[in-house]
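Following: one structure in structure tokens, then a few remarks.
These numbers come from the heavy atoms of this one structure, side chains and all, not from hydrogens, waters or symmetry mates.
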Amino acid sequence: MKFKKIAVGTILSFSILGSATFLGYSLLSENSETIDRGSAVVSTDFSTLEDLAEASPIVITAQTKDEGEIFTYSDVEFMKTQIKVNDILRDESNQLKKGQTITLLQTYVNEDPAIEKNEKVLLYLEQYEGKVIDGLAFTVNGLEQGHFKIKDGEIISKSNNGKIKDNTKGRNLRDVKQTLSTIAYDENAQMAEPAPESDKQKYIENLKKAGIELTEEELAEKFK
């Protein structure tokens, strides 16, 4: 279920990290002091907690007291947020400690929601490797699909689309821990899958809305 993350801004695409992938765009508004969130299409859905458990090497609960910082890299908008690790449910990297503050790197699109101040969250993560940001950083696996709000022990999906929202209704942290204890992380479960035709069409429509048109050769390159 692994697919390369691709962000598009002024017809620019590049690999963000080898994790759950999206195709999308993010645009500067006419007022250069503000940035409008872009949109994205995730090419493969995580449908259950079991899917996320199998594909995620790091799972934590966390919160932040600060707003994320928006920055631009190669004409694409990102957000970095300092979050405090409350509990470590899984850490294949062996780099995290309870109470540690880590950097969460996100794309500035609607499908990669920010963590609100003092909000407690459950995050399925991968360690970031790339040029967008220096130092140790992490990204949410599957964008909104791997991001949950925690309220009274219950987990509430931040996803607005896909099966994960419906399939995790009424689930709690105990369910998450149980799933992680029975399903090991398997990096082979994240092999790339081609984006379905419906997602390609959504991608093309989003580009047209942004005033961007690609040639057949460019589209073939992105979906190969």
* So Y108 and F78, side-chain contact (heavy atoms from CB on, under 4.5 Å) or not? Walk me through it. -> CA-CA 5 Å; Y108 197 65; F78 297 88; 5.9 Å; no

* To do: State yes or no: do I83 and L96 share one hydrophobic cluster built from I, L, V, M, F, W and Y residues joined by side-chain heavy-atom distances below 4.5 Å, directly or via other members?
  => yes

* Minimum heavy-atom separation for I58 to S93, with atom names? -> CD1-OG, 3.9 Å

* Hey, does the side chain of T107 reach the backbone of V109 with a donor-acceptor pair shorter than 3.5 angstrom? -> no

* Measuring from Q145:CD to L52:CG, what's the distance to the nearest 0.5 Å? -> 7.0 Å

* Asked: Side chains of Q63 and N86: donor-acceptor distance under 3.5 Å anywhere?
  -> yes

* Verify the distance criterion only: is there a donor paired with an acceptor across the side chains of Q127 and Q95 at less than 3.5 Å? => yes

* Check for a donor-acceptor pair, side chain of D152 on one end and backbone N or O of E154 on the other, with a separation under 3.5 Å. => no

* Asked: Under 3.5 Å, side chain of N172 to main-chain N/O of I155, donor-acceptor pair present?
  -> no

* **Axial cation check for F148 ring with K158, 6.0 Å and 45° limits** => no

* Asked: Side chains of T48 and N167: donor-acceptor distance under 3.5 Å anywhere?
  -> no

* For the residue pair D66 and T64, confirm or rule out a side-chain donor-acceptor distance under 3.5 Å. => no

* About how many Å separate CZ of F138 and CG of L105, when rounded to the nearest 0.5 Å? -> 11.5 Å

* Is a side-chain donor or acceptor of D175 paired with a backbone partner of R171 at a separation under 3.5 angstrom? -> no

* Structure fact -> Value for NZ (K98) from OG1 (T61), rounded to nearest 0.5 Å, stands at 8.0 Å

* Working for side-chain contact (heavy atoms from CB on, under 4.5 Å), residues L49 and T168 -> CA-CA 7 Å; L49 290 178; T168 56; 3.9 Å; yes

* Side-chain donor/acceptor of T182 to backbone N/O of T179, under 3.5 Å -> yes

* Rounded to the nearest 0.5 Å, what separation is found between the OG1 atom of T139 and the OH atom of Y128? -> 9.0 Å

* Answer yes if the side chains of Q106 and D112 hold a donor-acceptor pair under 3.5 Å, and no otherwise. => yes

* **Spatial distance of atom NZ (K84) from atom CD (Q100) [nearest 0.5 Å]** => 12.0 Å

* Can you measure from CD1 (I60) to CZ (R90) and round to the nearest 0.5 angstrom? => 13.5 Å

* To do: Give the minimum heavy-atom separation between Y185 and S56, together with the two atoms involved.
  => CD1-C, 3.6 Å

